[in-house]
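Before any comments, here is the structure.
Values below: all heavy atoms of this structure, side chains included; hydrogens, waters and symmetry mates excluded. Chain letters run A, B, ... following the sequence lines, proteins first, then strands; residues in each count from 1.
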Protein chains: 2
Amino acid sequence: METKQENKKVFLEIVKQLKELIDKEHIKPGDKLPSERVLSERLAVGRSSVREALRSLELLGLIETRQGGGTFLSSGQNIQLVEILSSFILRVSPSVDEVHTTRRMHEKEAIRVICSDKNLTALPVWESLFYKIEVESEVVRDHILRELIIASGNRLSLKIWMQLAAYSATPLKKITTKKEKPILLVLLKSIQLGFKKEALEAYEQWMFTIKNNLINENQSN
Amino acid sequence: METKQENKKVFLEIVKQLKELIDKEHIKPGDKLPSERVLSERLAVGRSSVREALRSLELLGLIETRQGGGTFLSSGQNIQLVEILSSFILRVSPSVDEVHTTRRMHEKEAIRVICSDKNLTALPVWESLFYKIEVESEVVRDHILRELIIASGNRLSLKIWMQLAAYSATPLKKITTKKEKPILLVLLKSIQLGFKKEALEAYEQWMFTIKNNLINENQSN
DNA sequence: AAGCGTAAAGTGGTCTGACCACTTTTAGTT
DNA sequence: AACTAAAAGTGGTCAGACCACTTTACGCTT
């Protein structure tokens with residue numbers, strides 16, 4: 001009677017136990033999971049139930065399966081997710097513009113958070129980026145943005161952003177020295193000083209520059 | 001030899017066919033899907049394969065299952081997704097604070113977008129909310145926030161927000177007349193006038209009030 | 001004829017065993 | 001030591017059997 005709370009579906013319970021097993025056995029992305037038959041024995045459930053759980057995780061892109069080989073903890077991204085979710089839930093796949101707007105939202109918020117926290121503005125990564133931009137000049141844009149969001153400390157936001165970034169791949173990935181470089185330096189310097197307003201302005205300028213670059217690219221084609 | 005491209009896994013193929021079936025038969029959210037046995041016959045596959053596909057979609061929250069009742073196309077939210085995804089990918093489930101911060105981010109951005117667009121500030125829904133708050137006083141907070149994001153026009157942001165909102169269910173769902181009401185009226189009025197700064201300030205005040213309410217609630221226990 | 005209660009049918013939940021296709025390992029031969 | 005073929009391991013799929021639960025249908029009572 002009192003066990004009604006625990007009366008979850010078995011395959012969901014397996015998903016949960018699978019996660020615990022991964023943690024406990026220190027299975028890392030790319031590593032092999034126990035075979036279906038072994039799992040079914042260890043968890044004392046039927047193989048079909050194990051398969052239902054594994055198939056679910058596969059659709060989510062969390063594991064990869066090779067027939068005859070085994071089941072492996074996934075390492076990379078999972079593009080199917082976005083596609084399936086959007087085709088089922090939204091019924092209309094999100095427009096390019098929506099993805100773009102949403103990822104920009106997360107980036108701007110990261111800047112706001114960082115500028116408001118002295119511990120974050122003093123992070124060594126800003127010096128590092130400074131150096132890379134000024135000397136190497138071969139920095140990928142998304143890398144900088146990623147660092148911003150990582151620094152903001154919101155891992156959930158980072159995860160969402162990575163999904164969006166993977167979805168809206170930018171044609172021009174690396175910075176163009178001429179115009180972008182000075183703007184980026186202003187952005188980073190503003191961040192280091194905690195100048196929120198200035199940082200956001202530089203960010204907007206940066207996005208504007210990127211946009212113009214894209215237009216020029218398209219025209220030359 | 002040339003069929004190697006189509007050599008997809010059966011359960012993925014079923015997921016695809018299931019989607020087509022839903023479209024073709026005009027199955028709407030809440031409607032019942034054919035039974036597992038029927039599906040297995042119609043698609044000429046084993047019932048276990050059908051189940052693997054259905055269980056996958058269930059984990060995604062796209063369908064709901066009632067034992068003895070049937071399988072239904074999901075209508076509402078799906079909590080599990082965020083939880084499972086984050087627990088597997090992030091390896092650390094997002095803290096309550098992260099979920100909270102992220103959903104607030106989307107709410108604030110919606111306010112910014114709305115205030116910057118005359119077409120949006122003039123939306124009839126603001127009058128409607130105005131009326132509900134002032135007269136009925138029984139409005140659910142999340143409902144107001146949801147309208148904000150809907151109005152902002154970013155369906156993707158809305159989708160993400162709904163996930164987060166479902167995850168961080170607020171104990172106090174309805175507005176408390178005494179303190180919140182005037183703040184909310186300021187918020188809505190500011191939006192109608194396109195006063196971005198004032199609207200955001202009112203929003204922050206609102207969140208502050210809610211936070212205080214929660215603290216008081218906890219103390220009285 | 002209407003209402004009710006029970007039996008039957010329908011449906012998801014789970015397990016078992018079997019077979020196939022493919023990969024990895026093992027063992028044996030050269 | 002290198003190569004090859006057999007064996008073991010593993011995922012992929014199917015069929016059948018029960019169980020627990022819900023919905024439907026039927027027959028009885030009123």
Side-chain angles (χ1 to χ4, degrees), chain A residues 1-18 21-22 25 27 30-75 78 80, chain B residues 1-18 21-22 25 27 30-75 78 80:
Chain A
M1 197 65 104
E2 67 283 356
T3 58
K4 209 150 198 179
Q5 284 282 25
E6 306 208 62
N7 207 356
K8 299 173 183 175
K9 325 217 161 175
V10 168
F11 95 95
L12 282 180
E13 185 61 28
I14 294 178
V15 168
K16 187 179 160 192
Q17 299 218 5
L18 229 35
L21 185 145
I22 289 172
E25 313 246 336
I27 299 176
D31 287 356
K32 194 170 167 184
L33 267 60
S35 76
E36 297 179 351
R37 288 169 179 86
V38 170
L39 282 175
S40 115
E41 200 173 329
R42 278 177 60 170
L43 304 180
V45 294
R47 192 183 154 210
S48 52
S49 294
V50 171
R51 280 187 61 79
E52 290 181 7
L54 289 177
R55 254 14 79 206
S56 300
L57 294 179
E58 183 175 358
L59 190 68
L60 279 175
L62 300 178
I63 60 174
E64 288 167 7
T65 305
R66 291 197 280 277
Q67 176 170 158
T71 307
F72 302 82
L73 190 56
S74 173
S75 45
N78 39 310
Q80 350 195 41
Chain B
M1 196 68 105
E2 66 284 357
T3 58
K4 208 147 199 182
Q5 284 283 22
E6 307 207 62
N7 207 357
K8 299 173 184 175
K9 326 217 159 173
V10 168
F11 97 95
L12 281 179
E13 185 61 29
I14 295 178
V15 168
K16 187 179 160 192
Q17 299 216 7
L18 228 35
L21 185 144
I22 289 172
E25 313 245 337
I27 298 176
D31 287 357
K32 194 170 167 185
L33 267 58
S35 76
E36 296 178 352
R37 289 169 177 85
V38 171
L39 282 175
S40 114
E41 201 172 329
R42 278 176 60 170
L43 303 180
V45 293
R47 192 186 154 206
S48 50
S49 293
V50 170
R51 279 186 62 79
E52 290 181 7
L54 289 177
R55 251 18 76 205
S56 300
L57 294 179
E58 182 177 356
L59 191 67
L60 279 176
L62 300 178
I63 61 173
E64 288 166 8
T65 306
R66 291 197 280 275
Q67 176 170 158
T71 306
F72 303 82
L73 191 55
S74 173
S75 45
N78 39 308
Q80 344 209 36

Exercise for the section: Take B:Leu18 and B:Leu57 through the test side-chain contact (heavy atoms from CB on, under 4.5 Å) and record every step on the way to the result. Expected result: CA-CA 10 Å; B:Leu18 228 35; B:Leu57 294 179; 3.8 Å; yes
Practice task
Return the value, rounded to whole Å, for the distance between atom CZ of B:Phe72 and atom P of C:dT11.
Solution key: 11 Å
Handout entry: Check: C:dG10 base within 3.5 Å donor-acceptor of B:Arg37 side chain
Key = no
Exercise for the section: Return yes if the base of C:dG12 and the side-chain atoms of B:Arg66 contain a donor-acceptor N/O pair under 3.5 Å, otherwise no. Expected result: no
Practice task
Could you state the atom-to-atom distance from CG of A:Leu57 to P of D:dG11 in whole Å?
Solution key: 14 Å
Fill in the blank from the handout: In whole angstroms, the gap separating C1' of D:dT13 from CD of B:Glu52 amounts to 8 Å
Exercise for the section: Determine the contact category for A:Ser35: base if any of its heavy atoms lies under 4.0 Å from a base atom, sugar-phosphate if only primed atoms, P, OP1 or OP2 are that close, otherwise nothing. Expected result: sugar-phosphate
Handout entry: Heavy-atom check, side chain of B:Asp31 versus side chain of B:Ile22, under 4.5 Å
Key = no
Handout entry: Whichever of B:Ala44 and B:Lys32 has its nearest DNA chain D nucleotide further upstream toward 5'
Key = B:Ala44
Problem - OP1 or OP2 of D:dG11 under 4.0 Å from side-chain N/O of A:Thr71 - result: yes
Practice task
Look at the side-chain N and O atoms of B:Ser49 and state whether any lies under 4.0 Å from the OP1 or OP2 oxygen of D:dC14.
Solution key: yes
Practice task
Supply the atom-to-atom distance B:Glu64 CD to B:Leu73 CG, rounded to the nearest 0.5 angstrom.
Solution key: 9.0 Å
Exercise for the section: Mark yes when over 12 heavy atoms from residues, nucleotides or ligands other than B:Glu41 sit less than 6.0 Å from its CD; otherwise mark no. Expected result: no
Handout entry: Whole angstrom value for the distance that separates C1' of D:dT13 from CD of B:Glu13
Key = 15 Å
Handout entry: Closest listed nucleotide, where the reference is the side chain of A:Gln67 and the choices are C:dC22, C:dG13, C:dC15
Key = C:dC22
Exercise for the section: Grab the CZ-P distance between B:Arg55 and D:dG12 for me, whole Å please. Expected result: 18 Å
Handout entry: N/O (side chain, B:Arg51) to phosphate O (OP1/OP2, D:dT13) under 4.0 Å
Key = no
Handout entry: A:Thr65 side-chain proximity, nearest of D:dG12, D:dT13, C:dG12
Key = D:dG12
Completion exercise
A:Ser40 meets the side chain to side chain contact (heavy atoms under 4.5 Å, CB included) criterion, sequence neighbours left out, with A:Arg47, A:Val50
Handout entry: Along DNA chain C (nearest heavy atom to each residue), the more 5'-positioned of A:Gly68 and A:Val45
Key = A:Val45
Handout entry: Interatomic distance where CD belongs to B:Glu64 and P belongs to C:dT11 [whole Å]
Key = 19 Å
Handout entry: Interatomic distance where CD belongs to B:Glu41 and C1' belongs to D:dG16 [whole Å]
Key = 15 Å
Exercise for the section: Please determine if A:Arg55 and A:Glu58 form a salt bridge, counting it only when a charged side-chain N lies under 4.0 Å from a carboxylate O. Expected result: yes
Handout entry: No-H, no-angle donor-acceptor pair, A:Arg47 side chain to D:dG12 base, under 3.5 Å
Key = yes
Handout entry: Nearest-nucleotide 5' precedence on DNA chain C, B:Pro34 against B:Ser48
Key = B:Pro34
Practice task
Calculate the interatomic distance between A:Leu43 atom CG and C:dC15 atom P; express it in whole Å.
Solution key: 10 Å
Exercise for the section: Specify the residue among B:Gly69 and A:Glu36 whose closest nucleotide of DNA chain D lies further upstream toward the 5′ end. Expected result: A:Glu36
